[in-house]
Amino acid sequence: MSRFFITTPIYYVNDVPHLGHAYTMVSADSFARWHRQISDDVFFLTGTDEHGLKIAQAAAENGMSPKEWTDSLAPRFQDAWRKLNISYDDFIRTTEPRHYETVQSFLKSVYENGYIYKDIYRGLYCVSCEAYYQEAELDNGNCPIHGRPVVVMEEENYFFRLSAFTDRLLEWYERHPEAVGPSSKRNEALGFIRQGLQDISITRTSIDWGVPVPWDSQHVFYVWYDALINYLTAIDYGRDLEKFELWWPSVHHIIGKDIIRFHCVWWPAMCMAAGIDPPANIFVHGWLLVGGEKMAKSAGNKVDPLELANEFGLDAVRYYLLRDTNFGSDGDFTYEALTSRYNSDLANNLGNLLQRVTTVVVSKLGGQAPKPTADSPLAVFAGEVMESARTAWSQFAPQDALEAIWSLIHEANARLEVVAPWKLELGSELENVLGDALECLRLVCIGLYPVMPDTSSEIWRRIGMDGSPEDGNALAALSWGQYQSSKVIEKGIPLFPRRK
Ligand code: MSP
């Protein structure tokens, strides 16, 4: 059995999740679901990133302690993911004792291996931000956020010897061309490394909302150094060697392009420094933009995924997110595009196919399903389509999988138009066209399940199939002709009534 370990970034709990976060989650969820369908042993990990200055400030702004604040926000993420049907297996909160334990043992190894040292950090500091700035980031010498003068500050910090890893990282990229995708993002990461890497400060004394440094209680680890290690906390690094070796390093990290440097430069170097293999695969997706800008709390252009799901139906939103944007590129969210996808792809194509077939089977054949024909004009095309969908799913290309599936829906609808079973007398021609269309629907349910699990399950039920499209091994179910006759078909209400 193959194993499939997939992770999402862990989200800052400075605000409730928006559609940009949901985009990462729905994508990762679709990959996890597909791999479960093909009988892989799947471990799908997500969580919340709860330490650091940003969270401490959000807590203070809301008159709460950081702990109270994160305890109130983390369930909002879990609740949102439940409502969006995200099938994660584990949820890490970085404030959990298991995570403290892992961070401390991992970084202790890095320290003992000689890659962490103490030095003085000198920098330009904004007291209001409690953060250092580079000269170039300042606005006429002032903090770009507060507009106040920065001060030159010195702090004793622990540093990670990132500079020692420039050559090793370049070699690693050379030996593992598949490690970071798509290739444009791999080149971006290589660009950072080729510039030469500087050591980085990885502890803070100016804030205590973090994981304490085990060998020096004055310091806490800088939030990124704690966050990245969540991927190891979940697989019991340092606690259960067998479990750790089962899942590591063959992991797939799904990340947004804003966090390439951390995942594709720092993280592999940290792994090397701790004496473990770097992650096998990091897939970088683009941003969901609104009016050309990244959707973000600070941009004030957030869209609430739960509101959209209430309005359009959850599966329609999941479909839109994965269908409208090539995974890896930026996508633009518009209400109009969502409405148009809904009406054209879901109401007119998928919904219509289901409605026509079930209506005719019920009205002409008393609901008794005929079987598909082995030499159907659709058989070869359907075989090719399902093969493309399978390949697309294995290459993290949900848009291509959906495009392939919709070409089958198109063909099935086109054949119905030509043969017009609603006008035919009882007989083999009527039975064949309906049996073939039902077989197309069975295949569509399998390929579509990772994106639209509820819809696929409902279509599956209406066409009289037992269980759910995720049962059995999808790879074996992809070949033409497995739909059984004598199923009882149900004509239900339209799944996607047209919208204005
Ligand atoms: N906490 C860090 C990640 C630590 S992982 C060890 C973080 N959190 S975040 O909440 O700011 O963003 C997490 C992820 O959300 C981004 O990397 C990205 O995957 C996703 N997105 C946030 N806004 C997004 C869009 N507008 N569009 C697409 N994805 C977006 O960074």
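The figures here come from the full heavy-atom set of this structure, side chains too, leaving out hydrogens, waters and symmetry mates. When a ligand or atom number is given, it counts from 1 through the structure's own listing order.
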**Study point:** ligand 1 contact on Y231 by region, counting heavy-atom pairs under 4.0 Å
**Key:** side chain
Review point. With a 4.0 Å heavy-atom cut-off (strictly under), which part of T24 contacts ligand 1: side chain, backbone, both or neither?
Key: side chain
Review point. Is the closest side-chain heavy-atom distance between W34 and P398 below 4.5 Å?
Key: no
Exercise for review: Decide yes or no for I55 and T70: does some side-chain heavy atom of the first lie under 4.5 Å from some side-chain heavy atom of the second?
Suggested key: yes
Point to revise | H18 versus Y11, side-chain donor and acceptor atoms under 3.5 Å | key: no
Exercise for review: Report yes or no: do R36 and S87 form a side-chain donor-acceptor pair below 3.5 Å?
Suggested key: yes
Exercise for review: Only one of H253, H35, H252, H285 passes ring pair (Phe, Tyr, Trp, His ring centres under 6.0 Å) with F396; say which it is.
Suggested key: H252
Could a heavy atom of [X] be found less than 4.0 Å from some atom of ligand 1?
X: K257; result: no
X: W224; result: yes
X: W267; result: no

Heavy atoms only: which of [options] is nearest to [atom]?
atom: atom 16 (C) of ligand 1; options: D258, L289, T94; result: D258
atom: atom 12 (O) of ligand 1; options: H21, H18, H51; result: H21
atom: atom 24 (C) of ligand 1; options: P17, G20, G331; result: G20
atom: atom 10 (O) of ligand 1; options: Y23, Y225, Y12; result: Y12

Those atoms of ligand 1 less than 4.0 Å from some heavy atom in [X]:
X: H285; result: 19 (O), 28 (C), 29 (N)
X: G286; result: 28 (C)
X: G256; result: 17 (O), 18 (C), 19 (O)
X: D49; result: 1 (N), 2 (C), 4 (C)
X: A227; result: 6 (C)
X: I259; result: 17 (O), 31 (O)
X: L288; result: 25 (C), 26 (N), 27 (N), 28 (C)
X: Y11; result: 10 (O), 13 (C), 14 (C), 15 (O)

Check your understanding: With no hydrogens and no angle check, is any side-chain donor or acceptor of S468 less than 3.5 Å from a backbone partner on E470?
Key -> yes
**Study point:** Distance-only N or O hit between ligand 1 and I10, under 3.5 Å
**Key:** yes
Check your understanding: Are any of the side-chain nitrogens in D15 or K302 under 4.0 Å away from the carboxylate oxygens of its partner?
Key -> yes
Point to revise | Test side-chain hydrogen bond (donor to acceptor under 3.5 Å, both in side chains) applied to T46 and T7, D29, T8, the passing residue | key: T8
**Study point:** Derivation and outcome, ring-ring contact (aromatic ring centres under 6.0 Å, His included), residues Y237 and W247
**Key:** CA-CA 10 Å; Y237 167 90; W247 296 103; over 10 Å; no
Check your understanding: Just wondering, are more than 12 heavy atoms of other shown residues or ligands nearer than 6.0 Å to NZ in K257?
Key -> yes
Check your understanding: Under the salt bridge (charged side-chain N to carboxylate O under 4.0 Å, His left out) test, which residues partner K67, sequence neighbours left out?
Key -> D71
